[in-house]
Novice: 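Dropping a structure here in structure tokens format, bear with me for questions.
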Amino acid sequence: MEKRVRVRFAPSPTGGLHMGGVRTALFNYLFAKKHGGDFILRIEDTDQTRFVDGAEQYIIDALTWCGIKPNEGVGFGDGPYAPYRQSERKELGIYKKYADQLIAGGHAYYAFDTEEELNAMRERLTAAKVVAPQYNAVTRQNMRNSLTLSEDEVKRLLDEGAPHVVRLKVPRNEEIRFHDIIRGWVVVNSTQVDDKVLLKSDGMPTYHLAHIVDDIEMKISHAVRGEEWLPSAPAHILIYRYLGLENDMPKLAHLPLILNPDGNGKISKRESRFPVFPLSWSDPRDKSSYLGYKEAGYYPEAFVNVLALLGWNPGNNEEIFTLEQLGNLFEFERVNKSGAKFDPEKAKWFNQQYLRKKTDEELADAFTPILESKGLKKDRAFIVEFCRLIKEKAHFVNEFYDLGTYFFVAPTGYDEKVIAKKWNAQSKEQYTKLRTVFAGISAWDTHTLHDTFNAAQTDLGKLDMQLLRVLTSGVAGGPQLFDMLAMLGKDEVLARLDAALNKLS
RNA sequence: GGCCCGUUCGUCUAGGGGUUAGGACGCAUCCCUUUCACGGAUGAAACACGGGUUCGAUUCCCGUACGGGCUACCA
């Protein structure tokens, strides 16, 4: 019988969760949805030196904003396997229990080496032209551990409380095979695997031990994580095996990485061309701060949609999906093996698609605070109409104001290219007359304006729409001209024409 | 350096032993439009290279190159 699908996202609270992490969370979430399983948030805070205040809450907030909600775990209501924070689980002694089991079985050992001794070992090996210095089956014979020290000495050191770690005893030369859902069979020789530290000298487990213990105890069915974990997977296989849990271990899936657009490595937070964090993040350690997708104006639906299509595709040509649709479609079979460069331009396009789905009322709700922050006020109908006109040109609501400033503030300058090209000796007289014609209009609406404009040309000669646009808005582009003039109102348009005609000669 | 993973238009990708190698973003052109945009149409643009296997390889295998990851008492 197939195990119930239970997957987890297990970040460490060492900083803001970036988009790569969110994507990993998303794929876990979607897989759980697809199979009616559980999605768990576990906090892997075993490194006390890297703990960052606020990071855990950030992770919770970021997932919440994205709509990627765990149904079990830290911040989302603990489930039957609480606690979900490894630092708390450590207090329960569960990691030590498994470590002791490994030691008892002869698959792990105590190591008393100091940092200096470890460095000396690495230097010695480097000097001896060893390409990859590591604590392994060969080098451990020259180190201070329970394999080289006498039993009495080890007991004495332990009783004294001498600082020590527990290391995995990796066999000398053994082929380790494992199956990855995305990559198929992977084979690694154990000589490539070092004697990983399982329990640190502060008593905390390392990731290697902790995630295995937790995945087993929490009945995780699939371990889905980034490709950066692939090289340590063989060590993990060994741990499961020595614990007698190889048949109970979760299936493995290593996701391709999200790469920088220019093709230089994993996406990094030091990137200025686009946000890398879902929400703005301020690092309390170095006071650096980063703009988030939310604050940059992205809709969470768009952000999630972008992420879903980075490394996965539905198998057809569709690209716009809700979270729910994704949850019905997602499969690891359709996840790529190769890393995907993130394309900020396409991300904007996705947001535009979602922007266009919004009603003018919704856009007005979002735009009103922006307008007010500029110290400007307009009535609701004006704002709704403005949104209707301007949205076709925008990717984000936060572009609305810059795109249509002239709806709120009279222009002070006039597009020089258009003026140079279209303003001539007759223009002043011609448009002064047009102003007079407009002044005589009683019904100030789009159709009347358009008809009046067309009719006026019989007497005034050929008029230019773009020139009229520049005279009234200052800029060369914008929404429907007569819609715009209608919105602005008769008094405002006449005043603007006066100002323009006065300024241009 | 070593080990692991990967490689289809600039980017995200579909496809897969015999195809005009499909779509999307971006770009260009045209149509619509006396403005602006949307929209529509069209176009330029890819199977990294070399060997095999095969009647036939972009597709399968092996090398090479290139890219990425890992190489901590970090995750």
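Model, not experiment: these values are computed from the prediction. We name chains A, B, ... by the order of the sequence lines, and we start the count at 1 in each one.
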Novice: Want to settle it: does A/D47 or A/M465 sit nearer the 5' end of RNA chain B, counting the closest nucleotide to each?
Specialist: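 Its nucleotide being nearer the 5' end, the pick is A/M465.
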Novice: Applying the side chain to side chain contact (heavy atoms under 4.5 Å, CB included) criterion to A/I220, which one of A/H222, A/E217, A/M218 satisfies it?
Specialist: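 Only one option passes, and that is A/M218.
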Novice: A/K200 side chain N/O closer than 4.0 Å to the phosphate oxygens (OP1, OP2) of B/C74?
Specialist: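 Result: yes.
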Novice: For A/W185 and B/G6, give me the distance from atom CH2 to atom P, rounded to whole Å.
Specialist: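 In whole Å, B/G6 P and A/W185 CH2 are 15 Å from each other.
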Novice: Which part of the nucleic acid, if any, lies within contact of A/K348, taking any heavy atom under 4.0 Å across all strands shown: a base, the sugar-phosphate backbone alone, or nothing?
Specialist: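 The answer is nothing, as A/K348 stays clear of every strand by at least 4.0 Å.
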Novice: With sugar-phosphate meaning primed atoms plus P, OP1 and OP2, does A/L468 contact a base, only sugar-phosphate, or nothing at under 4.0 Å between heavy atoms?
Specialist: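 Here A/L468 touches no strand at all.
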Novice: May I ask you to say what A/F482 touches in the nucleic acid, namely base, sugar-phosphate or nothing, with a heavy-atom cut-off under 4.0 Å?
Specialist: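 Here A/F482 touches no strand at all.
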Novice: Paired with B/G63 by Watson-Crick or G-U wobble geometry, both distances under 3.5 Å: which nucleotide is it?
Specialist: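 Looking at the geometry, B/G63 pairs with B/C49.
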Novice: When all nucleic acid strands are considered with a 4.0 Å heavy-atom cut-off, which category describes A/D113: base, sugar-phosphate, or nothing?
Specialist: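 Base, at least one base heavy atom under 4.0 Å.
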Novice: So, does the side chain of A/T206 form a donor-acceptor pair with the base of B/C73 at under 3.5 Å?
Specialist: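 A donor-acceptor contact between them is absent.
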Novice: Does the distance from a Lys or Arg side-chain N to an Asp or Glu carboxylate O, for A/K346 and A/D343, drop under 4.0 Å?
Specialist: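 Judged by the 4.0 Å cut-off on N to carboxylate O distance, A/K346 and A/D343 do not form a salt bridge.
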Novice: Are the side chains of A/V418 and A/V475 in touch, meaning some heavy atoms are under 4.5 Å apart?
Specialist: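 The answer is no, as the side chains (C-beta and beyond) never meet within the 4.5 Å cut-off.
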Novice: Could you check whether A/G477 gets within reach of a base, just the sugar-phosphate, or nothing at all, counting any heavy atom under 4.0 Å?
Specialist: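 Since only primed, P, OP1 and OP2 atoms lie under 4.0 Å of A/G477, the category is sugar-phosphate.
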Novice: Give the B/S/- string for nucleotides 7-12 of chain B, one per nucleotide from 5' to 3', where a protein heavy atom under 4.0 Å of the base yields B, of only the sugar-phosphate yields S, and otherwise -.
Specialist: S---SS
Novice: Looking across every strand, which nucleic acid part, if any, lies under 4.0 Å from A/T46 by heavy atom: base, sugar-phosphate, or nothing?
Specialist: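 A/T46: backbone/sugar contact only, no base atoms under 4.0 Å.
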Novice: Looking for any heavy atom pair under 4.0 Å, which part of the strands does A/L481 touch: base, sugar-phosphate only, or nothing?
Specialist: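 Here A/L481 touches the bases of the nucleic acid.
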Novice: Could you list the residues that satisfy salt bridge (charged side-chain N to carboxylate O under 4.0 Å, His left out) with A/K433, not counting sequence neighbours?
Specialist: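 Counting only residues at least two positions away or on another chain, A/K433 forms a salt bridge (charged side-chain N to carboxylate O under 4.0 Å, His left out) with A/E429.
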Novice: In the structure shown, which nucleotide is the Watson-Crick or G-U wobble counterpart of B/U19, with both distances under 3.5 Å?
Specialist: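 Partner of B/U19: none.
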Novice: If we call it a pair only when both distances are under 3.5 Å in a Watson-Crick or G-U wobble match, what pairs with B/U58?
Specialist: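 When the pairing criteria are applied, nothing turns out to pair with B/U58, so the answer is none.
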Novice: Roughly, in whole Å, what's the span from CZ in A/F386 to P in B/A37?
Specialist: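 So the two atoms are 16 Å apart, to the nearest Å.
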Novice: From the set B/G1, B/C73, B/C25, return the single nucleotide nearest to any side-chain atom of A/A132.
Specialist: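 It is B/G1.
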Novice: So which nucleotide does B/C3 pair with, by the Watson-Crick or G-U wobble rule with both distances under 3.5 Å?
Specialist: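 When the pairing criteria are applied, B/G69 turns out to be the nucleotide that pairs with B/C3.
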Novice: My understanding is that a pair needs two contacts under 3.5 Å, Watson-Crick or G-U wobble. By that rule, which nucleotide pairs with B/U33?
Specialist: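 Pair assignment: B/U33 / none.
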Novice: When both hydrogen-bonding distances must be under 3.5 Å and the geometry is Watson-Crick or G-U wobble, what is B/C25 paired with, if anything?
Specialist: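 Pairing partner: B/G10.
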Novice: Within the structure, does a side-chain N or O atom of A/Q192 lie under 4.0 Å from either OP1 or OP2 of B/G2?
Specialist: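 It does not, given that no N or O in the side chain of A/Q192 lies less than 4.0 Å from OP1 or OP2 of B/G2.
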Novice: Does B/C38 have OP1 or OP2 under 4.0 Å away from a side-chain N or O of A/R388?
Specialist: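 For A/R388, the contact criterion (side-chain N or O under 4.0 Å from OP1 or OP2 of B/C38) is not met.
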Novice: By nearest heavy atom, map A/P133 and A/R356 onto RNA chain B; which one lands nearer the 5' end?
Specialist: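 Nearest-nucleotide comparison on RNA chain B picks A/R356.
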Novice: Give one of base, sugar-phosphate or nothing for A/E392, where a contact means two heavy atoms less than 4.0 Å apart.
Specialist: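 Sugar-phosphate contact only - A/E392 comes under 4.0 Å of backbone atoms but never of a base.
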Novice: It should be established whether A/R167 places a side-chain nitrogen or oxygen under 4.0 Å from OP1 or OP2 of nucleotide B/C73.
Specialist: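 Yes, A/R167 has a side-chain N/O under 4.0 Å of OP1/OP2 on B/C73.
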Novice: Quick one: label A/R50 by what it contacts on the DNA or RNA (base, sugar-phosphate, nothing), any heavy atom closer than 4.0 Å.
Specialist: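 Here A/R50 touches the bases of the nucleic acid.
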Novice: Between B/G2 atom P and A/L230 atom CG, what is the distance in whole Å?
Specialist: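 In whole Å, B/G2 P lies 19 Å from A/L230 CG.
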Novice: So if I take every side-chain heavy atom of A/K393 and compare against B/C36, B/G68, B/A75, which nucleotide ends up nearest?
Specialist: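 Of B/C36, B/G68, B/A75, B/C36 is nearest to the side chain of A/K393.
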Novice: A/N351 and A/Y293: side-chain donor and acceptor closer than 3.5 Å?
Specialist: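 No pair is found: no donor N or O on one side chain lies under 3.5 Å from an acceptor on the other.
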Novice: Within 45° of the axis and under 6.0 Å from the centre of the six-membered ring of A/F27, does NZ or CZ of A/R23 qualify?
Specialist: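 Cation-pi check for A/R23 and A/F27: passes.
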Novice: Scan A/A476 against the nucleic acid and name what it touches under 4.0 Å (heavy atoms): base, sugar-phosphate only, or nothing.
Specialist: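 Contact class for A/A476: sugar-phosphate only.
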Novice: Contact class for A/R225 (heavy atom, under 4.0 Å): base, sugar-phosphate, or nothing?
Specialist: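 The answer is nothing, as A/R225 stays clear of every strand by at least 4.0 Å.
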Novice: So, A/K200 and A/D202, do they make that salt bridge, N to O below 4.0 Å?
Specialist: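 No, A/K200 and A/D202 are not salt-bridged.
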Novice: OP1 or OP2 of B/A24 versus the side-chain N and O atoms of A/N317: is any pair under 4.0 Å?
Specialist: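 The answer is no; no side-chain N or O of A/N317 sits under 4.0 Å from OP1 or OP2.
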Novice: Could you check whether any side-chain heavy atom of A/V306 comes within less than 4.5 Å of a side-chain heavy atom of A/Y298, counting everything from C-beta outward?
Specialist: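 Of all side-chain heavy-atom pairs linking A/Y298 with A/V306, none is under 4.5 Å.
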Novice: Taking any heavy-atom pair under 4.0 Å as a contact, classify A/V186: base, sugar-phosphate, or nothing.
Specialist: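 Touches sugar-phosphate only.
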Novice: Kindly confirm or rule out a cation-pi arrangement of A/K357 over A/Y299, judged by NZ or CZ under 6.0 Å from the six-membered ring centre and within 45° of its axis?
Specialist: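 A/K357 over A/Y299 ring: no.
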